[in-house]
Undergrad: 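Please find one structure pasted underneath; my questions will follow.
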Amino acid sequence: MKIIRSFEAMREQVQAWRRQGQSIGLVPTMGYLHEGHLALVRNVQLQADVAVVSIFVNPTQFGPNEDFTRYPHDFAADEKACRATGVTAIFQPSAELMYPADFSTWVNESELSQGLCGRSRPGHFRGVATVVTKLFNLTGAEVAVFGQKDIQQALIIERLAKDLNLPVRIVIAPIVRETDGLAMSSRNCHLSADERRDAPAIFRGLTRAQAAFAEGERNTAVLRGLVVTELEAVAARIDYVELVDHRRLQPLTLVQVPAVLAVAAFFGRTRLIDNLILSESVTTQVPERLKAEVSTFSAPPSLGAWHTACRP
Ligand code: AMP
């Protein structure tokens with residue numbers, strides 16, 4: 001497995017892979033890898049000859065009062081996990097390289113990024129869209145896999161690739177969860193024992209709403225209310241619970257399927273997000289790329305306990 005840190009080395013490697021006729025797949029990450037990331041790696045390995053994992057905590061997608069400085073990192077563990085998963089190369093550029101002092105060009109998606117996380121994190125998706133465009137250009141990716149956990153991000157990247165004619169295919173992969181339903185996230189390691197115990201309320205709320213939907217409930221206020229009730233009991237603050245359409249992420253008053261039920265809530269100081277796709281029938285209504293998530297949760301294969309707590 002190669003570890004690449006300079007643009008020159010990355011370009012030379014891309015040229016070498018292309019000369020050999022190998023297709024390039026990319027999984028962009030901010031590191032502190034867990035089973036959710038590794039599932040994306042396995043996914044990209046099925047679609048491309050080489051799998052590149054980028055590890056870059058992108059400063060421009062964090063707001064001034066967000067957790068950039070305390071974002072967890074453990075490169076040694078990431079390297080080990082990548083090796084064990086058969087990653088071809090890790091690309092880990094520095095912030096100085098990615099954003100030199102005279103950097104002044106931004107990529108701004110202007111529709112899908114308005115609501116949900118875009119509303120509470122101004123500038124976040126501009127940072128994401130910009131860094132992902134750079135990573136696509138630097139790695140020559142022909143296919144890139146993103147997690148449905150960050151569904152707004154994934155749809156924005158899909159849109160930007162289409163709008164800017166980027167020669168990359170975007171794949172959205174299902175959410176990987178802990179055995180109690182909590183969506184895996186690098187940020188889970190910031191949760192105290194009590195917060196970690198309470199955090200599965202997010203998934204409990206989502207599945208309550210999904211069950212009510214399956215029973216015929218179509219009123220979005222009622223469905224959202226089921227999630228809010230679960231969260232109110234334990235979350236420090238609810239950022240949003242919204243039901244939106246799966247293409248433009250516009251709020252719905254009556255559920256038209258497939259719809260996205262999306263949540264952001266704080267447990268202590270840690271902001272967690274999650275979502276679920278509501279659909280009439282997995283086989284007929286859900287777009288192919290979102291099908292996998294519709295079926296109800298089943299426990300993921302576990303790497304053990306290492307991803308559930310901050311590593312020393
Ligand atoms: P991050 O390192 O948090 O920026 O995430 C990198 C990629 O992994 C993004 O495409 C995320 O959506 C995806 N991801 C993070 N957590 C999960 C999860 N629990 N299940 C599936 N994908 C995930």
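Both counts, for ligands and for their atoms, begin at 1 and track the order of listing. These numbers come from the heavy atoms of this one structure, side chains and all, not from hydrogens, waters or symmetry mates. Everything numeric in this text was worked out from a predicted model, so none of it was measured.
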Undergrad: Which residue holds the protein heavy atom closest to atom 21 (C) of ligand 1, what is that atom called, and what is the gap in Å?
TA: Pro174 O, 3.4 Å

Undergrad: Of the choices Met184, His37, Gln152, Met30, which has the non-hydrogen atom that lies closest to atom 5 (O) of ligand 1?
TA: His37

Undergrad: Judged by atom type as modelled, is there a donor-acceptor pair below 3.5 Å linking the side chain of Lys134 to the main-chain atoms of Met98?
TA: yes

Undergrad: Starting from atom 3 (O) of ligand 1, locate the nearest protein heavy atom and write down its residue, its atom name and how far away it is, to 0.1 Å.
TA: Tyr71 OH, 3.8 Å

Undergrad: For atom 10 (O) of ligand 1, find the nearest protein heavy atom and state the residue, atom name and distance (0.1 Å precision).
TA: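 Looking at atom 10 (O) of ligand 1, the protein heavy atom closest to it is Gly147 N, 2.9 Å.
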
Undergrad: Would Gln153 count as a contact of ligand 1 if the rule is a heavy atom under 4.0 Å away?
TA: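 It does; at least one heavy atom falls under 4.0 Å.
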
Undergrad: Establish, yes or no, whether the cationic atom of Arg5 lies under 6.0 Å from the six-membered ring centre of Phe91 and within 45° of the ring axis.
TA: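 Geometry flag: not set, cation outside 6.0 Å or 45°.
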
Undergrad: Counting each atom of ligand 1 from 1 as listed, which ones have a heavy atom of Phe146 under 4.0 Å away?
TA: 10 (O)

Undergrad: Is it the case that the side chain of Arg237 and the backbone of Phe266 share a donor-acceptor pair, with hydrogens and angles ignored and the cut-off at 3.5 Å?
TA: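 It does not hold such a pair.
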
Undergrad: Considering all heavy atoms of both residues, which atom of Ala89 and which atom of Trp17 are nearest to each other, and what is their separation?
TA: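 That closest heavy-atom pairing would be CB-CH2, 3.9 Å.
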
Undergrad: Between Thr220, Asp245, Val222, Leu261, which is the residue that forms a side-chain contact (heavy atoms from CB on, under 4.5 Å) with Val255?
TA: Thr220

Undergrad: May I ask you to list the atoms of ligand 1 that are less than 4.0 angstrom from any heavy atom of Thr29?
TA: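 Near Thr29, the atoms of ligand 1 are 2 (O), 6 (C).
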
Undergrad: Checking Asp150 side chain against Gln153 main chain: does a donor-acceptor pair fall under 3.5 Å?
TA: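 No: the side chain of Asp150 does not pair with the backbone of Gln153.
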
Undergrad: Considering non-hydrogen atoms of the protein only, which is the closest contact for atom 15 (C) of ligand 1, and what is the distance?
TA: His34 CE1, 3.9 Å

Undergrad: Who gets closest to atom 8 (O) of ligand 1 by heavy atom: Ile175, Leu33, Val176, Leu40?
TA: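 Among Ile175, Leu33, Val176, Leu40, the closest heavy atom to atom 8 (O) of ligand 1 comes from Leu40.
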
Undergrad: Note the single closest protein heavy atom to atom 6 (C) of ligand 1, along with its residue, its atom name and the distance in Å.
TA: Pro28 O, 3.3 Å

Undergrad: Could you tell me whether a side-chain N or O of Ser186 sits under 3.5 Å from a main-chain N or O of Tyr32, the two making a donor and an acceptor?
TA: yes

Undergrad: If you apply the rule side-chain hydrogen bond (donor to acceptor under 3.5 Å, both in side chains), what do you find for Ser120 with Tyr240, and how did you get there?
TA: CA-CA 9 Å; Ser120 40; Tyr240 62 75; over 6 Å; no

Undergrad: When you measure from atom 11 (C) of ligand 1 to every protein heavy atom, which one gives the shortest distance, and what is it?
TA: Asp150 OD1, 3.0 Å

Undergrad: Measure the distance from atom 23 (C) of ligand 1 to every protein heavy atom, then report the residue, atom name and distance (to 0.1 Å) of the closest one.
TA: Lys149 CB, 4.1 Å

